[in-house]
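Here is how names work: the chains are called A, B, and so on, in the same order as the sequence lines, proteins then strands, and each is numbered from 1. What you see below is based on every heavy atom in this structure, not just the backbone, and it leaves out hydrogens, waters and symmetry mates. Just so it is clear, the structure is predicted and the values come from calculations on it, not from any experiment.
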Amino acid sequence: MKNNLQVYNTLTKRREQFVPKEEGHVRMYVCGPTTYNFIHLGNARPIVVFDTIRRYLEYLGYKVIYVQNFTDVDDKIINKAKEEEQEPLALADKYITEYFTDADRLLVKRADIHPKVSEHMEEIINYIRGLEEKGYAYEVEGDVYFSVRKFADYGKLSGRSIDDLVSGSRVEVDQRKNDPLDFALWKKAKPGEPAWNSPWGQGRPGWHIECSAMSCKYLGEEFDIHGGGYDLVFPHHENEIAQTEALLGTPMARYWLHNGFITINQEKMSKSLGNFFLLRDILEKFDPMVVRFYLLATHYRSPLDFDDEKLRVAQKGLERLSNSYLQLSNGLKLSGHYDNGKKVRRAAEKARIEFGAAMNDDFNTALAIATLFDLAREVNTYLREQQLDKSALEEAQRVFDDLLAVLGITLGKELTGTENIDDLMNLIVILRQNARVAKDFTTADSIRDQLQEIGVVLEDGPKGTLWKHEEEASGLRGKIVEVIINIRQISRKNKDFKTSDLIRDELKNAGIVLEDTPQGTSWK
RNA sequence: GGCGACAUAGCCAAGUGUUAAGGCUAAGGACCGCAAGUCCUUGAUCCCCUAGUUCAAAUCUGGGUGUCGCCUCCA
């Protein structure tokens, strides 16, 4: 299988041709969250970025095995659980559930495997024992440490030398360690802490060992892509490399990918600075697709500054694409067989090619999105034609669908859970069109205003009136019926019984029966 | 102190050797009863400063300035 995919590899600090170890298959591992809180926007970035990378690899035809772990055994979880007087594992599980609630809304596909630390103690302990046997690990009073100086390549990922690290060390030195840089593989349990049996007594794993043990279990030696936030490069990924390569003697992963940070006023969004925004709070104000679009509108390795204004800009941009997509769907209904669609076809083809070229360039989603805007403009221009060629529009729609699927963005689709309101809206559009033809703009505008109030927007175009509604709205159908009834009251008042009877008949066709009573009109 | 990244129009953001993508905003025009939307036109003679390399640089090299990150948990 051939591709022209270039990826920036943190390990070599270069862009490289992507060649998976096994032809046609990609094995990738992404460090997931420590689950002791809801995820914030900074956590969401790698989730969306690597989900998109995975989608693109699948688009290229690779069979991808995607593993994303949950750290559910950790000091922070233990502390939080203590505060809330809860079992640590129960707390971790709760936030794993909450994680999926958030990730699902961003249309992040589930990983093939979501391993948890708590369910891999045996693998982790065996891993540490293997390191002990090879002389890379040593025990001190129930703790087990990794001997950094025994691993000759230590520092190769983060570009540091051991001596630099020693001199710059801000960590309090634990005197029991042979060397200040040595890190814990296994930590002895203090009373009341969750603990597992091990050859070194009751305890729990250090932070880094889980990823070595679990990636090895599910992906084997030298898997293809290891991803995560840039702050994981050191020490987390550096230590993973040390552990894995010390034990297995083979490279841990071929390509190391790291995303840049979300910043607030140019400063990293982080839990310790306290300047973070929970994803779900943002989703109160913005559509998940807007957030996803915002995250992908900048290259994944660049810093990305956050504020509401930036999300509003993303929203406007996404609306432009949405409008185009909607107009395209509508145009399709009016289309036939004509031979004027050459330009659109070419634009669709061009978009597909350029989108691929952009993504091949280290997943340049910012540039890839620009190709969608180019396509939207061509489509919008074509839609002004009197005659629309069906197959050309279908081709454009297919390209939109395929490329948006890679980005994990859906546009103008029927949202799940939304009632079908096509029949009622068609009736309203006809009623309003009649009013407009009769120059009864008061009624026409009133209809538009009433619909706007319930979240439905009308747009009059050269090809008739289009409608769209922003949010997933339950009970929308009922609200629309109310609007129609209001319209009918006006016609009855004006003794326009032709219109009011038309409305009653049409509603009957839609399964809605009106009953006029002295108290007003009821419906069922 | 050590290591590293970045600096492009009002804003956001691509572009890593050869005419400066795209989006948002703004102005003018077209379709149009209005609204919304779409289309067209207008915007950096120039890419933080500076000295170089080159036929050619936003893109490479040296120096400077500024901002940020990692070196402690963090995506």
Side-chain angles (χ1 to χ4, degrees), chain A residues 10 13 15 30-34 36 39-50 71 74-76 79 155 158-161 163-172 181 207 227-236 238 258-263 265-273 276 293-294 297-299 301-305 307 309-310 312-321 323-324 326-327 354 358 361 364-374 376-384 436 439-442 444-445 448-449 452 457-462 465-468:
Chain A
T10 307
K13 296 174 180 57
R15 256 173 239 219
V30 176
C31 287
T34 301
Y36 65 104
I39 60 169
H40 63 68
L41 186 65
N43 302 122
R45 191 176 191 188
I47 293 165
V48 166
V49 161
F50 288 103
T71 301
D74 174 271
D75 289 356
K76 294 186 290 295
N79 292 337
S158 55
R160 287 152 220 258
S161 73
D163 296 329
D164 290 343
L165 286 166
V166 174
S167 64
S169 178
R170 305 198 312 231
V171 201
E172 230 177 282
L181 292 178
W207 176 34
Y230 201 78
D231 49 3
L232 296 182
V233 170
F234 190 91
H236 187 53
E238 194 68 71
H258 295 97
N259 63 273
F261 302 126
I262 302 279
T263 58
N265 296 325
Q266 327 298 337
E267 282 197 327
K268 182 186 175 187
M269 178 186 290
S270 75
K271 288 175 183 167
S272 40
L273 288 174
F276 59 89
F293 184 82
Y294 157 78
T298 298
H299 185 94
R301 283 193 286 111
S302 299
L304 174 53
D305 206 57
D307 59 54
E309 179 57 27
K310 303 229 165 56
R312 275 192 286 276
V313 169
Q315 184 163 30
K316 297 279 284 188
L318 193 60
E319 269 168 19
R320 184 173 164 79
L321 292 179
N323 284 334
S324 181
L326 202 69
Q327 300 281 357
E354 292 187 347
D361 185 9
N364 192 336
T365 49
L367 191 54
I369 286 171
T371 67
L372 292 178
F373 280 108
D374 289 337
R377 193 186 318 103
E378 289 299 330
V379 166
N380 290 341
T381 301
Y382 180 63
L383 287 170
R384 301 158 69 115
R436 289 177 74 205
K439 301 274 186 216
D440 178 6
F441 295 121
T442 313
D445 289 350
R448 189 169 57 202
D449 292 346
Q452 181 131 36
V457 178
L458 292 188
E459 288 177 14
D460 300 322
T465 300
L466 278 184
W467 54 271
K468 59 186 179 183

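Within the 4.5 Å cutoff, the side chain of A:E354 has no heavy atoms near those of the A:L367 side chain. The shortest side-chain heavy-atom distance between A:N79 and A:Y36 does not fall under the 4.5 Å cut-off. Side chains of A:R45 and A:T298 form a contact here, defined as non-hydrogen atoms less than 4.5 Å apart. Within the 4.5 Å cutoff, the side chain of A:I262 has no heavy atoms near those of the A:H40 side chain.
Using a 4.0 Å heavy-atom criterion, one finds that A:R436 contacts the bases of the nucleic acid, with or without backbone contacts as well. Residue contacts for A:N259: at a heavy-atom cut-off of 4.0 Å it reaches a base atom on one of the strands shown. Nucleic acid contact for A:F373: sugar-phosphate only, since backbone atoms but no base atoms lie under 4.0 Å from a heavy atom of the residue. When heavy atoms are screened at a 4.0 angstrom cut-off, A:T298 is found touching the sugar-phosphate backbone but no base atom. Within the 4.0 angstrom heavy-atom criterion, no nucleotide atom of any strand lies near A:L372. Counting non-hydrogen atoms under 4.0 angstrom, A:H40 reaches a base of the nucleic acid. When heavy atoms are screened at a 4.0 angstrom cut-off, A:T263 is found touching no nucleic acid atom at all. Counting non-hydrogen atoms under 4.0 angstrom, A:N43 reaches a base of the nucleic acid. Across all strands shown, A:L232 has heavy atoms under 4.0 Å from sugar-phosphate atoms exclusively, and none from any base. Using a 4.0 Å heavy-atom cutoff across all strands shown, A:D374 reaches sugar-phosphate atoms only and no base atom. Using a 4.0 Å heavy-atom cutoff across all strands shown, A:S272 reaches at least one base atom of the nucleic acid. A:I39 comes within contact range of no nucleotide atom at all, as no heavy-atom separation falls under 4.0 Å. No contact: A:G461 has no heavy atom under 4.0 Å from any strand. Among the protein residues, A:R312 comes within range of no part of the nucleic acid, since none of its heavy atoms lies under 4.0 Å from any strand.
At a cut-off of 3.5 angstrom, counting only N and O atoms as typed in the model, there is a donor on one side and an acceptor on the other between the side-chain of A:R448 and the base of B:A35. Under 3.5 Å, the side chain of A:R384 and the base of B:C31 form no donor-acceptor pair of N or O atoms. Residue-to-nucleotide contacts include no donor-acceptor pair under 3.5 Å from the side chain of A:D75 to the base of B:C73. Judged by distance alone with a 3.5 Å cut-off, a donor-acceptor contact links the side chain of A:K268 to the base of B:C74.
Put simply, CH2 on A:W207 is 8 Å from P on B:A75, counting in whole angstrom units. Rounded to a whole Å, the CZ atom of A:R160 is 17 Å from the P atom of B:G1. Following rounding to the nearest Å, A:M269 (CE) and B:C74 (P) show an atom-to-atom distance of 17 Å. Rounded to whole Å, the distance from CZ on A:R377 to C1' on B:A21 is 10 Å.
In summary, A:E309 and A:R312 engage in a salt bridge, as defined by a charged side-chain N under 4.0 Å from a carboxylate O.
Within the 4.0 Å cut-off from OP1 or OP2 of B:G15, at least one side-chain nitrogen or oxygen of A:N364 is found.
Between B:A5 and B:C60, the distance separating the two P atoms is 12 Å to the nearest Å. Spacing between B:A44 and B:A21 at atom C1', rounded to whole Å, works out to 14 Å. Look at the C1' atom in both B:U19 and B:A30: the space between them is 30 Å, to the nearest Å. Only the P atoms considered, B:C24 is 31 Å distant from B:G69, to the nearest whole Å. With both ends at atom C1', the span from B:G10 to B:G2 equals 39 Å, rounded to whole Å. Between B:U61 and B:U54, the distance separating the two C1' atoms is 12 Å to the nearest Å.
For A:D231 and A:E459, each mapped to the nucleotide of RNA chain B holding its nearest heavy atom, the one lying further toward the 5' end belongs to A:E459. With RNA chain B read from its 5' end, the first of the two nearest nucleotides for A:I369 and A:D445 is the one closest to A:I369.
Counting heavy atoms of neighbouring residues, nucleotides and ligands inside a 6.0 Å radius, atom CG of A:D307 exceeds 12 of them. Within a 6.0 Å radius of NZ in A:K439, other residues, nucleotides and ligands contribute 12 heavy atoms or fewer.
With B:C34, B:G15, B:C70 as the candidates, the nucleotide lying closest to the side chain of A:F234 is B:C70. Across B:C73, B:A75, B:U38, the shortest atom-to-atom separation from the side chain of A:K271 is found for B:A75.
Under a 3.5 Å cut-off, the side chain of A:D305 and the backbone N or O of A:Q266 do form a donor-acceptor pair.
Aromatic stacking is not marked for A:Y230 over B:G69, as the cut-offs of 5.5 Å for the centres and 30° for the planes do not both hold.
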